[in-house]
Every structure is written in structure tokens, then in C-alpha cells.
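Below: the structure, in C-alpha cells.
Numbers restart at 1 for each chain; the letters A, B, ... are given by sequence-line order, proteins then strands. Computed from a prediction, not measured in an experiment: that's the story for all the values here.
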There are 2 protein chains.
Amino acid sequence: MAETNRAADAAGIAPRDEARRADDPIVTDAATDVDIAVRLAAASGFERSLRADRARWLTALAEALEAHRQELVALAAEETQLSAARLTGEVTRTVSQLRFFAGVAVEGSYVEATLDSPDDSLTPPRPDLRRMLRPLGVVAVFAASNFPFAFSVLGTDTASALAAGCPVVVKAHPGHPRLSRRVAELGRAALAAVGAPASALALVDGFDAGAELVRHPLVSAVGFTGSTRGGRALFDLAAARPAPIPFYGELGSINPVVVTAAAAAADASGIASGLAGSFTRDGGQYCTKPGLVFVPEVAGFEAALVGALAEAPSQALLTDGIASAFDAGSAALVARDDVELVFAGERAPDAAVVAAPVVVATSIEAFTAAREVFLEECFGPLTVLVRYADEGALAVALAAIEGSLTGTIQHAPGEDVAELTAALGRVAGRVVFNGWPTGVAIAWAQHHGGSWPATTASVHSSVGATAIRRWLTPIAYQDAPAGVLPPELADGNPLGIPRREDGLLVTGPTG
Amino acid sequence: MAETNRAADAAGIAPRDEARRADDPIVTDAATDVDIAVRLAAASGFERSLRADRARWLTALAEALEAHRQELVALAAEETQLSAARLTGEVTRTVSQLRFFAGVAVEGSYVEATLDSPDDSLTPPRPDLRRMLRPLGVVAVFAASNFPFAFSVLGTDTASALAAGCPVVVKAHPGHPRLSRRVAELGRAALAAVGAPASALALVDGFDAGAELVRHPLVSAVGFTGSTRGGRALFDLAAARPAPIPFYGELGSINPVVVTAAAAAADASGIASGLAGSFTRDGGQYCTKPGLVFVPEVAGFEAALVGALAEAPSQALLTDGIASAFDAGSAALVARDDVELVFAGERAPDAAVVAAPVVVATSIEAFTAAREVFLEECFGPLTVLVRYADEGALAVALAAIEGSLTGTIQHAPGEDVAELTAALGRVAGRVVFNGWPTGVAIAWAQHHGGSWPATTASVHSSVGATAIRRWLTPIAYQDAPAGVLPPELADGNPLGIPRREDGLLVTGPTG
């Protein structure tokens, strides 16, 4: 408590307010309470923590989730209608993400330690220069509806920001408020128990609180996962600030798939079965759901897809808003003259928010003529087949697609897919071969991003090791006395981290 | 010409337009001509070039500048009034930058090649994932007035973008139009002579052309060096696009300096002499000019500064606009009740655009009370001294400063400057110790950036090896057949570039 009061003092906040905050990690949407959360986070001293400590703290957060897995899964299932199996897997994923970023923090490459020695013979002369990345400051994280753990309070944005040394204020998603509060409580308790500043993790709630967060002068960057409309509005707020801040938003994604003629000829039923599983998985509520599938006009594939969907279950959608948007979006497509209904699953009649799978089809000419209609994401278990007769028309259509998180190619063994790869790689952050885009592995080489509207900042990634870079900014020290240098930049590389010294990579101590 | 026609064809441009473009690298500010330049750049195929080829092409550009050094320096001197010595040094700097980025391209770390092997035991399972950075697309570069070579047509933004594999369309600065055109001509000829697509380097001119460039759907990113007002307007345009693009702007910077009491006591005249040289250098027309100097209330320092300035020359400023803004800015400061005029150099009376050095002083209390006045950059040979009596008041004042490219500490040997370093490091991209911020070395460890308003994107740098990252975006390949993988991601690391494989850094072939 003494520690907490010192932090409150530093932030210029009355002890009464802080006592309230300590008891209750959720604040209301009143601007003053958002302000308190941000100022306490900024005053937490978290940016000055050591990488090794932060790795320990992230591990404590992972252990807290694991220890309360059953309770949290039950709470999430009540609020989101997602299955216990899916939610259990998602907790595992979230734990893995926290441990992964603990590893990234410890490994230390991410600070990009770079040292150059003086050289007076150059124009201009080169002094002693030492550069690394430092934390940006308080990060605002907007939680997603569809990943109540992995892209929510302790999700990948929070994990990567904490690993970077940035305190985090999360804007709770209204789709799972009790879960958000409970995870925040557990997270703060876990941080406090291992000696970390708990105020480096806060939660705010309410629509206005989100806008206040993005506008707050002490917020340095924003991570967002959600709709294109909501993301665009917040992006515009971030850009309109007197001092604009980076806004890393993951918005809408159509995730095109191309099935080559050779692939369809070789294994129509296998591909149909894979597609059916991917676009209906958990009610099609994935940002990586394949929503647009270019299929050859070959007898058999569509029949196989209908067959594969015969047993596809209905799924209660996450929120009433998502369910009604899905109904409206699918009805609008079905009503079009240039669209044919291929499959419509039966929906359990007693639950308003339940959706059944829908497949529609159109011609490649219709797609090209009205691509803005077909490129709009319809969140839920719907996919659009675009029938193509020849590769020329396909190439024209692919040249018109917009940014997407993924692009997928179903091809026959040995088939030359270089041109398709280039066409999809132009706009998609990840190109998948003979697989499906749903299920985003946690790995150093992962990338989750893509051109607008997939993301607002296609230079960066929200999954994978380099997601941490969004929350860092460079600092260079010129002719610094040894006493002020961070140990990452000290002579002899005492921490043994990977560095670049006079242009050469070194991976251990050089002392 | 056949090659050129094919490119024109691909871009959907009539051969007549292309013929005009080939003859004349400058187009007017008509939107159609900007459109032609951008579409030809986009169709140039430059993104598909090999790193080794681009390194060769950058070297050819460097050699073209060297071969025409005398002609170009003479032209630049006429248009900018900068001295031949300064301009000669700047050509050398620009040549070094081009060669530096050729080296960065060849070395290959910058693509961040990262490979992870499959692991089905993970949640979610990990497929074969291979990630690297690829060029973003056409880059628009806004040239600066004050570096007619190093931050202009073939300057650091262009060099880093070309190294990344991005074609560049430069918006010429009106301060040196003939030089811009000549450098563009030489650059295009040099590219063509070594087999590179010349349309990957184009020049447009005119105020409207700049706005058209930022709005063009095929422009993927913008590099800008200039005023806060102009940069903000273009930043807003980039953010307001239907599909926003990154805008990397370097705007205004005040470059605070702190002279500690111990340093002033030890060497007042040395520090005064260094300061006089730095803030008057080339008419104070550097983005890194020290414009705000916290000096201890110690007898001697100001007198030494006045003495050091006795011989400081007048300097013709770059443009009439800069000269009148300097006159207005310095007059407004001098007229304030809380400002004392310390020094005003004599100006040659016959030249309207000539400026003489000005030093004003204020108290730390006045600075804190009206910091928005004193934090505004006055481009030209003026610096503001802020007199402080104790370190407490200094710390309060430093907590209020805004983003800057640099922060400088003049300290005594062995003095503890950790707190000053932290205070300046909070907002400055480079912290300089017992030196001066002007003169930005070209080095792997260099960073040229800082919080707003120093830059629009403090996560990135415009100088140093990582400046290339601004023009790159990640792509991940999942379970890709070997035939479609770029050689940087091939099994066995045939190119021998630094890579990360299953989490571990490797620096040579592994085959």
C-alpha cells in the first residue's frame, strides 16, 4: 500500500481515488476515471523495469490464467456462447503467448542493440554511437469480442506491450464484461504477488472511455482488434490528436482462397471438407475466416461442399449485434440477382442469436463488376464462391482484391503457383498453401497483418515476435559516459545479448 | 525504348506520355502528370529486383553524383546560397548514404528472414512458417530545403526506399528546382545505364503535385522533411485517405541543451564557443540546431558566448520565406517582457535574405509559464538561453519539454548525469554528451527521430540502417512449396544471410 501511495502521489492523484482503483480494476466511463487509470499506469515505473523481471512477471500472469482456467472458461462460456473446448484451447493459447513474449524479452534481440565506434575520417565524422529500442509509454489496448482471452485483457497486444516495458490500460469489450473484470483482477493480483507494479495493468469500460483513452495525452500508442467501422473511428481520433500516436488496428479481412483447377480435379471432396470446417469454425467468427473462394467451374466441387456442410452445426453468435449484422449481410447477398444460394443450413428456431452456415456463389464477371460488395467482410459462417473458367479472368479478379490478413492457395502437388503467390502476397500478410487460414500459430516467424483494411498499419504485426516492436522507439546515445548507458549497450556486452557492433552481428559477450 | 514501352503498356499509359516522361523527369503539377509518374513507377518492376542488383544500382547513383560533383555544387550554391565547402561535404554525405544503403541491402539482415519448423504438439499447431519483409510499393519523398542533396532527390529517404525495393517519386523542393531536376536527370540516366528501370525514380514539382502524390492510390508511404505546418497538413491528408498510408515526417525540433553548473564552472568558454559554432552553422538552418539552452546562472558563460559570437558571420538564408519567418520569430521573442536580448549580430544591410546570429535569454520561471512560446522552433541562427539557479527548477522545466530530434548534456568529467539523461531521453531520439547535435553521422547505430513534433512516427528513424524498415512490410509463407519461396527463405540459407531459425540467430549457410 505504501508503494501504491507513492505511485499515486507521483501521478498527482488523491489517495482516496487510488484506494478505489486498487480495489476495483474496472473504472467507469467517466473521463476522470480513465484519467486516473492512465496517470497511475504512467507513474508505475514499469518502463524502468528490467527485461528479466518482466519475463518473470509475464510468466506469473500465465500461471494465474492456468490456475484459474476452469473458472474462467465457465465464465467465458456464459458470456460468449463459445464452446468450453474452444475456450480451453484459447486459454492455452493465451498462456503460450504470455510465455512466448517472456522469452522474447529475455532473449533480448528485440532491443536491437547497435554500437558503432568513432571514426573521424568519415563525412560527417562518426562519434561513439549506441542505439537501442526503449518502451514508448502507456499503451491502450482495445479487446476483441471473438477472442475473449487471446485478444482481450491478457491477450497478445497486452503481452507484447508488457514485454516491451509499456504499462497497459485495456478497454474491455462489452461482449464479455465479467470475464474481463475477473482476468484483470487476477492479473493485477499476480503482478502484485511477484513484486510488479499492479497499476501497470488497468481496465476501463464503456464506449466513451475508449475515446477518452485514445485522446489521453499520456497514452502513447493503441492496439485495436475489431470492426472496420469502429477501428476507423478510433484511428481517426488518434490521427487527429494534437500529437498523433500510432494506432495499430486489425480491422476487417476477407481472406481470399484460390482453388486451382488441378487441385479441384485431384481432391474436390478433401478441399470442400477443409473449407467447410474452416469457414464455419466457431460460427465463422474469426478474422481469418475464408470469406471469398475462387473455385474453378468444375463439376463436383460445390456438390462436395454442400455434402460436407450437411452436418455443420448452428452456432450462437457472440453478440446480438454480430447476429443481426450477419443476418442482414447474408440476406443482402442472397437477394442479389448476380448471386446464387448454394447452401443454407437450418437454424435452431428458438435462439435469436444462432446462425447457420451459408454459402453463396457468383460469377467472376459479377465479382469484378461489383467487387466492393463481395469484398465486404460478413462476420459469421458465410463464404462466397467466385466461379472462374480460366486463369486470365482469375488474374484480373485477384488484381482487384484489397488487403487481407491471409490468402490461401489450394493447389495440386508440383503445380506452378508462383503467379498466384505473387498476386495474393501483394495484399495478404500470410500466404497459406494447401491449408486453411484459421488458427494463427504463435511463432517467431508468424505475421498477422496485411494492407488496409486488414490493418491500419501494415508495416507492423500483431502476432509473432515482432509484435513487440509496435511499442518501442529508438534512442541513440552519442559519446555517452559508461555510467548512463543501459547494460544492453555497455562495453563488452555483459548481458550477452545479440548485438550489432561496427556493422557486424555478435551473439555473445565480447568483453 | 522497347522496355520502356512495355512498362508504359503495363501501366496503361499511352506511349506519347511515356516518351514525354523519358525525356523530362520533371512533370508539372497537373494531377494527370503525377498520375503518370506514379503509375510508371508502380509498373517498373522495381519491387521484384534482387538485393544485389539494387546495391549495384545505388552504387551507380553514388558514382553519378561524384562524377558531377563540381557542376552540382555550383548549381546548388546558386540556388541555396550555401557555401561551396558545405555543399561539397553534403555531396560526400549523400554519396556515403547511397553506398551505406547499398551495404545494408547486400548484408540482408534487414529482410528479417525468420523460419519456424512445424510442431503439431503446440496449441494451435505450428505449420512451417517463413517470414521476411517485402517492399511496400511506391514511396513519395518530399525533399527538404536545407539539405539540397542529403535530404533531397537522392537523399536518405530515396536511398533507403530504393534499397528496400520501392520505386520513388520525389516532390522537388521549390528552394532548388534546377538542382532537383539535374540530379533526377543524372539519377535516371545512371539507372538506365546499369540496366535498372529508370521509371523507378521520378520527380514531380509544384504544391498541388505534393497533395496529389499523398492522395494517389498507388502511393504506399510518404517520407517528408520540412516544417511542422506543412508536415502536419500532409500527415492529415495521408491519414484521411480511404486507405491510410504511413507518413514518416520529420517536422520541427528545438534540440534542448543542458549545461550543468559543474561544466560551466570547468569550461565556460569552451562550451560557449561550441554552442556558438553549432547554432550559427550554415545560418542555423539545421533540424538539429540547438535552439534552447539551459544555462546555470553563473557569471561568465553568457559573456563567453557573446565573445565567441563576435566574429560570427551573417548568412544568406535558403529562401525568402525562411528569412522572413526568422525575422518575425526573432523579433517576437525580443519584444517580450520576459526575454532579454543577449546578442544580435550585425547583418549586411544590402541583402534582404541575410540573417545574423541572435541570442536571447529568459528565466526558467518564464520558460515554464510560457513554454509553448519557447518550444516553437525558430529556423535560423537563433538560440534561447534559459537561466536556471537550481536543479529542482531545471528538472521541472525538462519534464515539460516536447519531442525533439536531439537532447544534449554538457557535463563535467565524472559528473552523475543519469537523471538528465533520463529526462532528455524521454522525448529526444538522440542524446549527445559533451558534443553538439548538428552533424548527423551515417551509421548502423544512428537514429534521427523523436516524439512529436520532431517526427510524425517516433517508432521509426530517417537516418541509420533501420530507416529502410519504413518502406517494408512483413509477409509470412505457411507450408509453401520450395519453388515459390524467395531465396532468402529457402532451406539451407543459400544466400548466407543472417536469419532466425526455430528461434535461434544464424549468420551463415546451414545447408
So, the part of A238(A) with a heavy atom under 4.5 Å from chain B: the answer is neither
Largest heavy-atom contact set with chain B, pairs under 4.5 Å, which of A445(A), A221(A), A441(A): A445(A)
Judged by atom type as modelled, is there a donor-acceptor pair below 3.5 Å linking the side chain of T455(B) to the main-chain atoms of G450(B)? yes
Strictly distance-based, threshold 3.5 Å: is any side-chain N or O of R499(B) a donor or acceptor partner for the main-chain N or O of E501(B)? no
Using heavy atoms and a sub-4.5 Å threshold, report which of residues 466-474 of chain A line up against chain B, by residue number. T466(A), R469(A), R470(A), L472(A), T473(A), P474(A)
L115(B) versus chain A, the contacting section by heavy-atom distance below 4.5 Å: backbone
Heavy-atom pairs under 4.5 Å with chain B, option from R130(A), R126(A), Q446(A) with the top count: Q446(A)
Salt bridge or not between R99(A) and E66(A)? Use side-chain N to carboxylate O under 4.0 Å. yes
Is a side-chain donor or acceptor of E90(A) paired with a backbone partner of L87(A) at a separation under 3.5 angstrom? no
Contact part of V104(B) toward chain A, heavy-atom cut-off under 4.5 Å: side chain, backbone, both or neither? neither
Look at P437(A), P242(A), P413(A) and state which one has the largest set of heavy-atom pairs under 4.5 Å with chain B. P242(A)
Between side-chain atoms of residues 476-484 of chain B and protein atoms elsewhere (two or more places apart, or another chain), which donor-acceptor pairs fall under 3.5 Å?
residue, atom, partner, partner atom, Å
Q478(B), OE1, R430(A), NH1, 2.4
D479(B), OD1, D128(B), N, 3.0

Only pairs of heavy atoms separated by less than 4.5 Å count here; which of P244(A), A443(A), G414(A) has the most with chain B? P244(A)
Examine whether an atom of I475(A) lies under 4.5 Å from a heavy atom of chain B, and if so say whether it belongs to the side chain, the backbone or both; otherwise answer neither. both
Only pairs of heavy atoms separated by less than 4.5 Å count here; which of L133(B), T123(B), I409(B), L122(B) has the most with chain A? T123(B)
With P246(A), which of V139(A), V222(A), L136(A) fulfils side chain to side chain contact (heavy atoms under 4.5 Å, CB included)? L136(A)
Once ring-ring contact (aromatic ring centres under 6.0 Å, His included) is applied, what residue pairs with a partner in residues 424-455 of chain A remain, sequence neighbours excluded? F100(A)-W444(A)
Answer with side chain, backbone, both or neither: which region of F247(A) has an atom nearer than 4.5 Å to a non-hydrogen atom of chain B? neither
If I measure from the heavy atoms of chain B, does E402(A) come under 4.5 Å with its side chain, its backbone, both, or neither? neither
If we ignore hydrogens and angles and just use 3.5 Å, is the side chain of T114(A) paired with the main-chain N or O of E112(A) as donor and acceptor? yes
At a 4.5 Å cut-off on heavy atoms, which part of S458(A) comes close to chain B: side chain, backbone, both, or neither? both
Checking T228(B) side chain against G252(B) main chain: does a donor-acceptor pair fall under 3.5 Å? yes
For Q410(A) and G435(A), the nearest pair of non-hydrogen atoms, with its separation, is NE2-O, 3.0 Å
Please rank V95(A), T456(A), D116(A) by heavy-atom pairs under 4.5 Å with chain B and give me the top one. D116(A)
Under a 4.5 Å heavy-atom cut-off, does chain A meet the side chain of A422(B), its backbone, both or neither? neither
E419(B): partners by salt bridge (Lys or Arg N to Asp or Glu O under 4.0 Å), with sequence neighbours left out: none
Of the listed R232(B), R426(B), E415(B), the one with the largest count of heavy-atom pairs under 4.5 Å with chain A is R232(B)
Hey, are E488(B) and R134(B) close enough for a salt bridge, meaning a charged N less than 4.0 Å from a carboxylate O? no
Least distance between heavy atoms, A42(B) atom then L218(B) atom: CB-CD1, 4.0 Å
Looking only at atom types and distance, does a side-chain atom of N434(A) sit under 3.5 Å from a main-chain N or O of H411(A), one as donor and one as acceptor? yes
Which of the residues P125(A), A243(A), A465(A) is involved in the greatest number of heavy-atom pairs with chain B at under 4.5 angstrom? A243(A)
Are any non-hydrogen side-chain atoms of V459(B) and H460(A) less than 4.5 angstrom apart? yes
Looking only at heavy atoms and a cut-off of under 4.5 Å, which of S461(B), G103(B), S109(B), S451(B) has the most pairs with chain A? S109(B)
Contacting region of S96(A) [heavy-atom separation from chain B under 4.5 Å]: side chain
